[in-house]
Amino acid sequence: MLDLRYVSENLPEVKAALLRRGFTDAELLDRLGRLSEERRNLIASVESLRQERNEASQAMAKISDKTSETFQAKRDRLRALGDEIKRGETKQVELEGELETILLNLPNLPRPDVPDGRSERDNVEVRVWGDQPSFGFQPRDHVEIGSQLGILDFERAAKISGSRFVILKGLGSRLNRALMQFMLDVHTSEHGYEEVWPPVLVKDSAMRGTSQLPKFAKDAFRIAKDEEWEAQADARGHDLYLVPTAEVPITNLHADEIVAGSDLPLAYTGYTACFRSEAGSYGKDTRGMIRVHQFDKVELVRFCRPEQGETQLEILTGHAEAILQKLGLHHRVVELCAGDMGFAAQKSYDLEVWLPAQNAYREISSCSWFGDFQARRMKARFRPDPKAKPQLLHTLNGSGLAIGRTVVAILEQNQQADGAVTIPEVLVPYMGGVERIPPVS
RNA sequence: GGAGGAGUGGCCGAGCGGUCGAAGGCGGCGGAUUUGAAAUCCGUUGUAGGGGCGACUCUACCGGGGGUUCGAAUCCCUCCUCCUCCGCCA
């Protein structure tokens with residue numbers, strides 16, 4: 001959420017910045033400006049009425065004879081004053097509700113250094129790591145490889161849960177588990193993150209804190225979705241969302257808190273299953289496990305002082321990238337253009353891993369710096385030093401990494417002519433010594 | 001699911017319907033004392049919004065919301081959360 005005061009006082013700049021990311025509703029911003037002005041005037045008048053009432057009320061307390069005519073007269077006058085205050089308060093609640101609705105639907109402002117652009121085609125390649133693996137044969141895609149090795153089962157997943165689900169089996173399941181362990185181990189013991197195992201069902205306030213709500217409700221799975229179910233008395237207390245990413249519960253760790261400046265930066269890593277409805281992605285990546293309703297991910301979350309944000313983003317991106325490097329997976333880093341960034345981000349890097357069967361780089365991690373955008377929604381603050389006033393934190397997060405897509409990349413990049421897949425060396429200990437998933441004869 | 005109990009400032013804990021933003025303690029910060037530290041003493045210490053260049057000032061906030069009242073931390077209603085016991089359960 002943007003700062004109301006900042007937006008009201010800098011309308012032209014805000015319009016220009018939002019335009020860069022394709023937000024063209026200038027009228028909405030003008031309306032916000034008018035409402036903000038109205039609110040300010042209203043507050044001034046209501047407060048002076050309240051002051052008048054407070055002073056008069058105190059005088060009332062000093063009148064000993066509560067039945068006297070003067071007391072009665074004053075009381076009647078104050079009753080009218082009280083009504084007037086109430087009307088003003090009601091109006092204020094209305095205005096602030098409208099303002100909040102607008103603010104909750106405004107995306108973050110891209111940093112000035114974020115490149116212009118409308119879509120992912122305009123993203124800027126920052127660096128490429130490793131070489132494209134070359135095969136002496138036509139590389140197959142992970143669906144083919146996984147099905148043949150008996151480690152991925154899409155048919156049975158569809159039977160049980162529908163489309164866009166996958167079942168991992170045998171060494172495939174083990175690989176998934178090994179990756180989770182490996183990533184968490186690296187981030188905790190080498191990168192200094194504190195490990196967190198959070199709930200995967202969260203309240204709407206948490207979803208609002210990190211900006212999945214209110215704008216992207218269609219993308220999330222919600223418990224108590226239909227009205228009939230919701231109407232049941234038993235359903236109360238279960239209005240929860242399945243997390244689309246561990247970012248939600250982990251970032252909200254410090255919602256409504258004031259942390260000590262001396263504790264910053266804070267760094268957390270955690271694994272969760274992630275659930276996404278993939279609304280509006282019909283026909284996109286329907287094959288395989290690139291885009292499924294449920295996947296596993298290890299997430300990195302950092303909290304810092306505003307002035308640390310820029311550096312922290314580089315650090316966090318490096319931590320995510322280190323996983324790809326240790327796994328020996330060819331990939332590149334791109335900086336997202338203004339038009340391709342997520343709603344809450346003010347600057348983002350994507351890590352894209354090479355998928356030979358698609359002859360393309362595909363996103364495997366997105367690392368973002370949100371400024372105080374999420375912190376304002378969450379009321380997550382820090383005290384710069386013990387005497388100072390609290391300030392909004394800056395938040396960052398990134399996948400470290402999406403495990404499903406990592407499995408895909410390993411299968412595709414490490415496939416052998418005989419149909420086997422080699423296990424990256426760093427994972428072998430986590431695989432109980434298994435060095436390759438053998439071909440089925 | 002059943003039965004009880006409780007929600008006050010960073011924490012603990014008082015609080016007659018009216019000078020209560022709220023006693024006291026702890027913690028934090030500043031200072032005195034000390035060679036240094038501990039102990040002790042003194043002072044200070046919430047958040048948000050509005051106005052003012054500023055010193056400053058006004059308003060709101062005692063789990064959330066609503067109500068009664070001239071006036072609510074204090075009375076009423078309601079919701080939420082937490083704790084204890086019983087039942088069920090991985």
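Quick note on labels: first sequence line is chain A, next is B, and so on, each numbered from 1.
- A donor-acceptor pair under 3.5 Å is absent between the side-chain atoms of A/R164 and the main chain of A/R287, judged by distance alone.
- Between B/U35 and B/G30, the two C1' atoms lie 22 Å apart (nearest whole Å).
- Taking a 6.0 Å sphere around CD of A/E195, one finds it holds more than 12 heavy atoms contributed by other residues, nucleotides or ligands.
- A distance of about 24 Å separates the C1' atoms of B/U45 and B/G54, rounded to the whole Å.
- With a 3.5 Å ceiling on both atom-pair distances, the Watson-Crick or G-U wobble partner of B/G7 is B/C80.
- One interatomic measurement links the two molecules: NZ of A/K86 to P of B/A60, which rounds to 13 Å at whole-angstrom precision.
- In terms of phosphate contacts, A/K389 brings no side-chain nitrogen or oxygen within less than 4.0 Å of OP1 or OP2 of B/G46.
- Atoms CD (A/E37) and C1' (B/G51) sit 14 Å apart, rounded to a whole Å.
- Judged by distance alone, the side chain of A/H394 and the main-chain N or O of A/Q308 form no donor-acceptor pair under 3.5 Å.
- Using the six-membered ring where Trp is involved, A/Y193 and A/H191 have ring planes that are perpendicular, over 60° apart on the 30 and 60° scheme.
- Distance A/Q58 CD to B/C58 C1': 13 Å, rounded to the nearest Å.
- With B/U47, B/U59, B/G50 as the choices, the nucleotide that has an atom nearest any side-chain atom of A/P390 turns out to be B/U47.
- Atom-to-atom, CG of A/L42 to C1' of B/U59 comes out at 13 Å; the value is rounded to the nearest Å.
- Of the listed nucleotides (B/U59, B/U47, B/G49), B/G49 has the atom at the smallest distance from the side chain of A/I43.
- Closest to the side chain of A/S57, out of B/U47, B/G50, B/C70, is B/C70.
- A/N54 comes within 4.0 angstrom of the backbone, heavy atoms only, and of no base.
- Aromatic pair A/H254/A/F303: ring centres closer than 6.0 Å.
- When Watson-Crick and G-U wobble pairs are counted only if both distances are under 3.5 Å, B/U19 pairs with no nucleotide at all.
- Under the Watson-Crick or G-U wobble criterion, with both distances below 3.5 Å, B/C61 is paired with B/G46.
- For B/G1, the paired base is B/C86 (Watson-Crick or G-U wobble, both distances below 3.5 Å).
- We find that NZ of A/K379 is positioned 13 Å from P of B/G64, with the value rounded to whole Å.
- Both A/R381 and A/R40 sit near RNA chain B, but only A/R381 has its closest nucleotide nearer the 5' end.
- Within the nucleic acid shown, A/R77 has no heavy atom closer than 4.0 Å to any nucleic acid atom.
- Atom CD in A/Q72 sits about 14 Å away from atom P in B/G71, given to the nearest Å.
- Residues A/H187 and A/Y271 place their aromatic rings such that the two centres sit no closer than 6.0 Å.
- One atom, CD of A/Q92, and another, C1' of B/A48, lie 12 Å apart when rounded to the nearest Å.
- Searching all strands for a Watson-Crick or G-U wobble partner of B/U74 with both distances below 3.5 Å returns nothing.
- Taking the P atom of each, B/A72 and B/G67 are spaced 12 Å apart, rounded to whole Å.
- Where A/E55 and A/K203 each meet RNA chain B at their nearest nucleotide, the meeting point lying more 5' is that of A/E55.
- For A/R39, the listed nucleotide lying nearest its side chain is B/G50; candidates were B/G50, B/A60, B/G18.
- Note: A/F373 CZ to A/S368 OG = 12.0 Å, rounded to the nearest 0.5 Å.
- Separating the C1' atom of B/C16 from that of B/C89 is a span of 49 Å, rounded to the nearest Å.
- Across B/C70, B/A48, B/G49, the shortest atom-to-atom separation from the side chain of A/E47 is found for B/G49.
- Nucleic acid contact class of A/Q51 (heavy atoms, under 4.0 Å, all strands): sugar-phosphate only.
- One interatomic measurement links the two molecules: CG of A/D256 to P of B/A48, which rounds to 13 Å at whole-angstrom precision.
- The partner of B/U69 cannot be assigned: no Watson-Crick or G-U wobble pair with both contacts below 3.5 Å exists in any strand.
- B/C75 and B/G15 have their C1' atoms separated by 15 Å, with the value rounded to a whole Å.
- Searching all strands for a Watson-Crick or G-U wobble partner of B/G54 with both distances below 3.5 Å returns nothing.
- Taking a pair to require two hydrogen-bonding distances under 3.5 Å in either a Watson-Crick or a G-U wobble arrangement, B/C41 pairs with B/G31.
- A/Q391 has its side chain within reach of A/P384: a pair of non-hydrogen atoms, C-beta onward, lies under 4.5 Å apart.
- Side-chain atoms of A/R50 lie closest to B/U59 of the nucleotides B/G50, B/A48, B/U59.
- Put simply, A/R383 has no side-chain N or O that comes within less than 4.0 Å of OP1 or OP2 on B/G10.
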